[in-house]
Amino acid sequence: MSGRMVEVEAYIGETDRACHGRHGRTARNAAMFGKPGVAYVYFTYGLHWMFNIVTEREGFAAAILVRALEPVEGIDRMERHRPGRALSQLCSGPAKLAQALRIDKALNGVDLCARGADLWLEAGGPLASKHIGRGPRVGVDFAPEAWRAKPWRFFVKDSPFVSK
DNA sequence: CTCGTGATTGACT
DNA sequence: GTCAATCACGAGC
């Protein structure tokens, strides 16, 4: 299965009060403090898995949350994992895409740049900046205003596959 | 709008 | 060690 990333959010360092790294290194967020190019997958709200890509140097807690994909390959399998959903709703949210691609804790810590991994990244095509939208991150109302307001959500304008 | 759902966590003893 | 609150969401009304 594969998809084109059409929506992401940045979580940047221990000073970012919306970032899981804000309380320092813990067992859950350890992958965030590790090498870049690695998956950070965590469980939340009692039922949802979230897929992040670790960025920045080792020891600096930063990652990109992948919030939506445009389904490309293996759409029939994704539909089996999320029965009864329209194509545009298959991967239009962080927990939806994890369910569609069967991403869970087994993929936490995998090297997304390695050949032969169970999950990996490939280069996409070019995207002109005029097609890129940005705005505040979603679901971070718990963070202080200064951090809630950071325009660190990026998405493909006019894509029907983004989360909203 | 409301509610499910349970691992993780910081605040305690 | 214990404990209750919290939470980078989604589905259904």
Side-chain angles (χ1 to χ4, degrees), chain A residues 1 3-57 59-71 74-75 77-110 112 119 121 132-157 159-164:
Chain A
M1 294 172 281
R4 172 182 178 237
M5 287 186 264
V6 294
E7 182 182 352
V8 296
E9 281 175 0
Y11 290 86
I12 312 177
E14 297 182 56
T15 55
D16 177 357
R17 299 279 302 277
C19 178
H20 281 186
R22 68 189 180 278
H23 298 124
R25 186 181 190 127
T26 64
R28 177 164 79 154
N29 68 21
M32 273 192 121
F33 285 81
K35 289 193 292 192
V38 165
Y40 167 42
V41 180
Y42 69 88
F43 186 69
T44 192
Y45 291 111
L47 42 158
H48 303 304
W49 293 99
M50 303 282 144
F51 168 51
N52 298 252
I53 301 165
V54 177
T55 59
E56 307 276 355
R57 66 183 188 276
F60 186 96
I64 289 171
L65 170 67
V66 181
R67 288 194 55 88
L69 298 177
E70 174 180 337
I75 292 172
R77 288 186 64 197
M78 297 187 203
E79 285 173 338
R80 257 178 278 142
H81 300 156
R82 288 179 48 74
R85 271 46 182 254
L87 180 63
S88 66
Q89 305 300 309
L90 265 191
C91 299
S92 61
K96 296 179 187 178
L97 72 90
Q99 183 182 29
L101 299 192
R102 287 257 164 108
I103 292 172
D104 64 15
K105 67 181 173 194
L107 294 171
N108 187 37
V110 310
L112 299 169
L119 180 64
L121 299 174
I132 302 173
R134 72 185 295 188
R137 296 174 290 184
V138 174
V140 295
D141 290 350
F142 62 88
E145 170 61 21
W147 298 99
R148 208 186 312 152
K150 299 274 186 203
W152 289 350
R153 168 176 175 257
F154 300 87
F155 55 96
V156 178
K157 282 183 194 169
S159 169
F161 300 99
V162 303
S163 67
K164 48 175 222 178

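Letters A, B, ... are given to chains in the order of the sequence lines, protein chains preceding strands, and every chain is numbered from 1.
- Rounded to whole Å, the distance from CG on A:Asp104 to P on B:dT5 is 19 Å.
- The listed nucleotides are C:dA11, B:dA7, C:dA8; the one nearest the side chain of A:Phe43 is B:dA7.
- Closest approach to the A:Lys96 side chain among C:dC7, C:dA11, B:dG4 is made by C:dA11 (side chain taken as heavy atoms from C-beta onward).
- In this structure, the separation between CZ on A:Arg102 and CZ on A:Arg77 is 7.5 Å, given to the nearest 0.5 Å.
- Following rounding to the nearest Å, A:His20 (NE2) and B:dT8 (P) show an atom-to-atom distance of 12 Å.
- Aromatic pair A:His20/A:Tyr11: ring centres not closer than 6.0 Å.
- Taking every heavy atom of residues 23-30 of chain A and every atom of DNA chain B, pairs under 4.0 Å involve A:His23, A:Thr26, A:Arg28, by number.
- A straight line from CE of A:Met32 to P of B:dT8 spans 16 Å, rounded to a whole angstrom.
- Of the candidate nucleotides C:dA8, B:dT5, C:dA11, C:dA8 has the atom lying nearest to any side-chain atom of A:Phe142.
- Heavy-atom nearest nucleotides on DNA chain C were determined for A:Gly93 and for A:Gly46, and the one closer to the 5' end corresponds to A:Gly46.
- Residues A:Leu65 and A:Met50 form a side-chain contact, since some pair of their non-hydrogen atoms from C-beta on lies under 4.5 Å apart.
- Listed pair A:Arg85 / C:dA11 meets the phosphate criterion, a side-chain N or O lying under 4.0 Å from OP1 or OP2.
- A:Val156 has its side chain out of reach of A:Ile132: every pair of non-hydrogen atoms, C-beta onward, lies at least 4.5 Å apart.
- If you measure from atom CG of A:Leu97 to atom C1' of C:dG10, you get 13 Å, rounded to the nearest angstrom.
- As rounded to whole Å, 17 Å separates atom C1' of C:dA8 from atom CZ of A:Phe155.
- In this structure, the OH atom of A:Tyr45 is 15 Å from the P atom of B:dG4, given to the nearest Å.
- Looking at A:Arg85 and A:Glu79, no side-chain N of the basic residue comes within less than 4.0 Å of a carboxylate O on the acidic one, giving no salt bridge.
- Helical stems in DNA chain C, defined as runs of 3 or more consecutive Watson-Crick or G-U wobble pairs with donor-acceptor distances under 3.5 Å: B:1-4 with C:9-12, B:6-12 with C:1-7.
- Among the protein residues, A:Arg153 comes within range of no part of the nucleic acid, since none of its heavy atoms lies under 4.0 Å from any strand.
- Between A:Met5 and A:Ile53 the shortest side-chain heavy-atom distance falls below 4.5 Å.
- A:Ala18 comes within contact range of at least one nucleobase, with a heavy-atom separation under 4.0 Å.
- The base of C:dA8 is not paired with the side chain of A:His48 by any donor and acceptor separated by under 3.5 Å.
- Residues A:Arg148 and A:Asp141 are in side-chain contact: their nearest non-hydrogen atoms beyond the backbone lie under 4.5 Å apart.
- Between the CZ atom of A:Arg67 and the C1' atom of C:dG10 there is a distance of 11 Å, given to the nearest Å.
- Between the OH atom of A:Tyr40 and the OG1 atom of A:Thr55 there is a distance of 13.0 Å, given to the nearest 0.5 Å.
- A:Arg137 has no carboxylate O lying under 4.0 Å from a charged side-chain N of A:Glu9, or vice versa, which leaves the two without a salt bridge.
- Distance, A:Trp49 CH2 to B:dG6 C1': 11 Å, rounded to whole Å.
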